[in-house]
Amino acid sequence: MKSDIAYENDLNPSQLEAVQYYDSPLLVLAGAGSGKTRVITYKIAYLINECGFDPGSILAVTFTNKASNEMRQRVNDLLGADTDVWIRTFHSTAAKLLRVYGRMFGVDAGFSIIDGRDQVSVVRQILKKLKQDTESHKPEKYVALISRAKDSLLDAQQAGESEFSTDPLFYDIYRRYEDMLKRENLFDFGDLLFVVVRGLKRSPEALSALKRRFSYILVDEFQDTNHSQYTLVKLLAQPEGNVCVVGDDDQSIYGFRGARVENVLNFRKDYKGAKIIKLEENYRSCQNILTASSSVINRNPGRLGKTLYTKKGRGEKLSFYRASSDRNEALYIAYEIQSLILGEGYRFSDFAVFYRMNAQSRVFESTFTQAKIPYTIVGGLRFYEREEVKDILSYIRLLLNPMDEVSLRRVIAKPPRGIGQRTVDRMVDSTIALGLPFYRAAEEDDIFASRGRKVKEFIAFMKDLEGQLDTGTSSDLLTKIYEETGYPEWLEEQRKEDKLHNLDELYNAVEEFSRRNPSSPISEFIEEVSLNQGSGEEGTAGNGANNRVFLITLHNAKGLEFPVVFIAGMEEGVFPHFLSGERPEDLQEERRLCYVGMTRAMERLYFTAARIRRLYGRSIERGVSNFMTEVPGELLVCREEKGFDSPKVSYYDRGIEKKRTAPKSAVPRTRVPVDDLEENTRIVHEHFGKGRVLEVSKGIAVIRFDDGQVMKFMLQYTPIRKDNDDGD
DNA sequence: CCAATAAGTGTTTTT
DNA sequence: CACTTATTGG
């Protein structure tokens with residue numbers, strides 16, 4: 001196929017240089033919105049079309065599945081066909097290598113992958129065995145330590161030798177954790193990379209095999225690489241230098257999971273003759289947004305420093321709104337979205353709401369549902385992490401890997417079948433002692449028999465299901481599991497409609513998978529969902545397939561862009577998060593996160609805060625985030641919520657002391673008095689205060705508020721009423 | 001020894 | 001609020 005890509009036309013001079021350069025290792029310092037994905041995708045096309053690289057020998061790594069899917073799509077569009085280029089996340093690259101070259105790496109390629117919550121339950125198990133209370137020794141803390149050790153390529157012994165932690169208990173826990181995972185052929189996320197890197201270091205054959213396999217390597221979001229990821233790239237790309245990394249030190253936001261910005265800063269030292277190209281023209285944001293975000297990020301010391309510029313106009317000023325409560329913060333955003341749609345012709349999909357914590361999404365979900373604003377939640381409690389979905393998947397995992405104690409413990413009492421903790425402990429002990437999967441061990445050890453019929457029944461039906469594993473389709477197997485476990489009936493008894501619905505969704509997902517990959521075993525489905533944690537049907541509401549507002553954490557927002565962005569929860573303690581307050585580098589990472597959020601916005605950028613926020617069942621009053629003071633005042637329009645009666649306290653929050661609060665539904669209550677609105681009527685809007693009606697037609701009112709703002713509202717959904725001040 | 005219920009508690013970000 | 005552990009009744 002002849003190449004007809006207009007490189008010179010489609011790319012600016014720096015981008016073009018980055019695409020065409022391949023004489024030595026290349027570091028592209030790409031500012032926010034400077035077209036870095038464009039560079040990577042065009043470079044892949046260029047390598048194939050102009051330099052004669054075999055597509056299958058190019059490896060392009062990203063951090064999220066979302067990013068890799070998008071990149072594949074764009075490469076396919078450029079090349080006009082489905083490409084063989086390896087476009088994968090780091091973890092999926094490592095998993096694939098281990099599945100294919102398991103023997104070379106000395107691992108059993110039938111391993112299962114466990115997620116963070118499984119890790120916690122393993123550590124909890126270990127702490128129990130060690131008779132340590134989980135109050136003072138939090139499992140999560142040890143999981144984090146273990147993960148960081150693996151990121152740093154330290155096993156339990158090496159961690160001990162290098163005094164990785166000051167907690168002496170840690171090494172014992174880590175060692176037991178390793179033993180258990182090994183015994184059960186389980187890999188956590190950190191293992192995937194750790195085992196590959198260790199294998200490459202130990203085995204020159206493996207290393208040279210992979211070097212032959214991959215002739216060029218591209219890495220996206222290089223500032224987010226941890227030590228093991230950095231080492232993997234280095235092993236594959238040194239000394240040949242066939243590598244291009246793209247990153248932005250200002251967007252490093254994953255320090256908490258071991259990312260090292262220094263990897264960007266040190267690239268030139270580690271790769272001899274490395275070329276550095278900066279991309280500084282921003283194609284995304286208006287000048288005001290760019291200026292404001294630069295002003296924020298400038299507070300951070302030790303940056304490489306870039307000067308971003310744009311040819312776009314100044315655009316609107318940024319806006320800050322402080323609501324009285326989290327609920328009213330969400331309402332404000334809902335009205336603002338409706339107003340911009342009516343007044344400026346935006347669509348729902350032009351908007352995104354960013355927040356620091358997943359817990360903040362709930363209030364937006366309920367408020368948007370009420371306001372009839374369709375939304376999509378990205379991240380949060382993902383589909384494949386939901387209890388009922390994980391339970392069913394665990395049955396499959398247990399069938400695929402009968403040594404998997406984590407899955408066994410998960411499913412054994414779901415639904416309850418008369419087998420408890422104590423019996424499982426015995427089953428597991430026996431399994432360990434005999435080194436056999438539990439349903440083989442049952443034949444060797446009458447401990448199982450002594451527990452009577454219940455255990456035998458469980459084993460019998462698991463054996464039966466095992467027999468079904470290789471016969472029939474994946475969806476047949478799922479049907480069988482639904483039938484034999486009685487899980488759906490169990491949910492039905494408890495009236496868990498949502499959960500039942502999720503099992504239907506799961507069935508659809510499996511069926512869809514079978515259709516897409518007719519010859520693939522169900523293990524590949526499990527692999528996909530284990531690594532692709534973000535995919536699947538997310539929580540959605542409203543109709544219209546793609547025209548939805550995005551609700552998303554700041555971390556997940558990286559790499560995306562939206563015409564209008566709301567950054568919610570701009571409160572000290574929420575953002576920056578109070579746990580990041582201790583060390584200055586943590587605060588700097590929060591600031592980079594703020595920068596990432598701000599630079600997603602193309603045309604309009606709003607900050608919002610709540611004076612009082614309900615979180616973890618408590619209502620707490622908080623001050624405004626210090627980040628707000630870092631946005632230049634002349635670029636920011638600030639407003640505070642105005643209530644119906646009092647300028648400060650809203651109506652909704654009178655019952656902060658856990659007394660009953662105002663009626664749940666704001667919509668019907670506010671609809672009443674507006675029917676007779678006409679031109680020139682004085683009104684009060686719950687959030688924007690007093691104003692005058694300029695125009696009313698088809699249920700939409702145009703209002704000029706006393707502070708000069710003109711906004712449009714759908715009367716049906718807006719808390720507005722006639723101003724009766726004169727009368728009283 | 002199992003399973004349902006009550007009480008208590010900690011509060012981030014993700015592959 | 002959501003999730004873990006302690007308790008009690010079977």
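The structure presented is a predicted model; accordingly, all values stated were derived computationally and were not measured.
Stacking here means ring centres nearer than 5.5 Å and ring planes tilted less than 30 degrees, and by that measure A/His577 stacks onto B/dT12. Judged by centroid separation below 5.5 Å and plane tilt below 30°, A/Phe90 does not stack onto the base of B/dT15.
Both A/Phe578 and A/Val424 lie near DNA chain B, and the one whose nearest nucleotide falls closer to the 5' end is A/Val424.
Rounded to whole Å, the distance from CG on A/Leu593 to P on B/dT12 is 15 Å. The interatomic distance linking A/Ile552 (CD1) with B/dT13 (P) rounds to 13 Å, in whole Å. For A/Gln119 and B/dT14, the CD to P distance is 15 Å, given to the nearest whole Å. The CZ-P distance, from A/Arg124 to C/dC3, rounds to 11 Å in whole Å.
Note on A/Lys36 versus A/Asp220: salt bridge recorded, some NZ/NE/NH1/NH2 to OD/OE distance being below 4.0 Å. Ionic pairing of A/Glu140 and A/Lys138 is not present here: no N-O contact between side-chain nitrogen and carboxylate oxygen is shorter than 4.0 angstrom. The pair A/Glu590-A/Arg356 meets the salt-bridge criterion, with a side-chain N (NZ, NE, NH1 or NH2) lying under 4.0 Å from an Asp/Glu carboxylate O.
Proximity of A/Thr553 to the phosphate of B/dT14: a side-chain N or O atom is located under 4.0 Å from OP1 or OP2. For the OP1/OP2 pair of B/dT12 and a distance below 4.0 Å, the side-chain nitrogens and oxygens of A/Arg257 include no atom meeting the criterion. For B/dT14, the OP1/OP2 oxygens have a side-chain nitrogen or oxygen of A/Asn358 closer than 4.0 Å. In this model, the phosphate group of B/dT14 is approached by a side-chain N or O of A/Asn556 to a distance below 4.0 Å at OP1 or OP2.
Applying the 3.5 Å distance criterion, the base of B/dT12 shares a donor-acceptor pair with the side chain of A/Arg356.
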Step by step, would you call A/Tyr384 with A/Asp115 a side chain to side chain donor-acceptor pair (under 3.5 Å)? CA-CA 11 Å; A/Tyr384 292 106; A/Asp115 67 15; over 6 Å; no
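Taking the P atom of each, B/dT14 and C/dC3 are spaced 16 Å apart, rounded to whole Å. Only the C1' atoms considered, B/dT12 is 24 Å distant from C/dT5, to the nearest whole Å.
Note: A/Phe105 and A/Tyr101 have perpendicular aromatic rings, judged against thresholds of 30 and 60 degrees for the angle between ring planes.
Remark: A/Arg600 pairs with no residue by the salt bridge (charged side-chain N to carboxylate O under 4.0 Å, His left out) rule, at least two apart or across chains.
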Between N or O atoms, less than 3.5 Å apart, protein on one side and nucleotides 3-5 of chain B on the other: list the pairs.
unit_1	atom_1	unit_2	atom_2	d
B/dA3	OP1	A/Gly418	N	2.5
B/dA3	OP2	A/Ile419	O	3.3

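For A/Arg362, counting side-chain heavy atoms from C-beta on, the closest listed nucleotide (B/dG10, B/dT15, C/dA2) is C/dA2.
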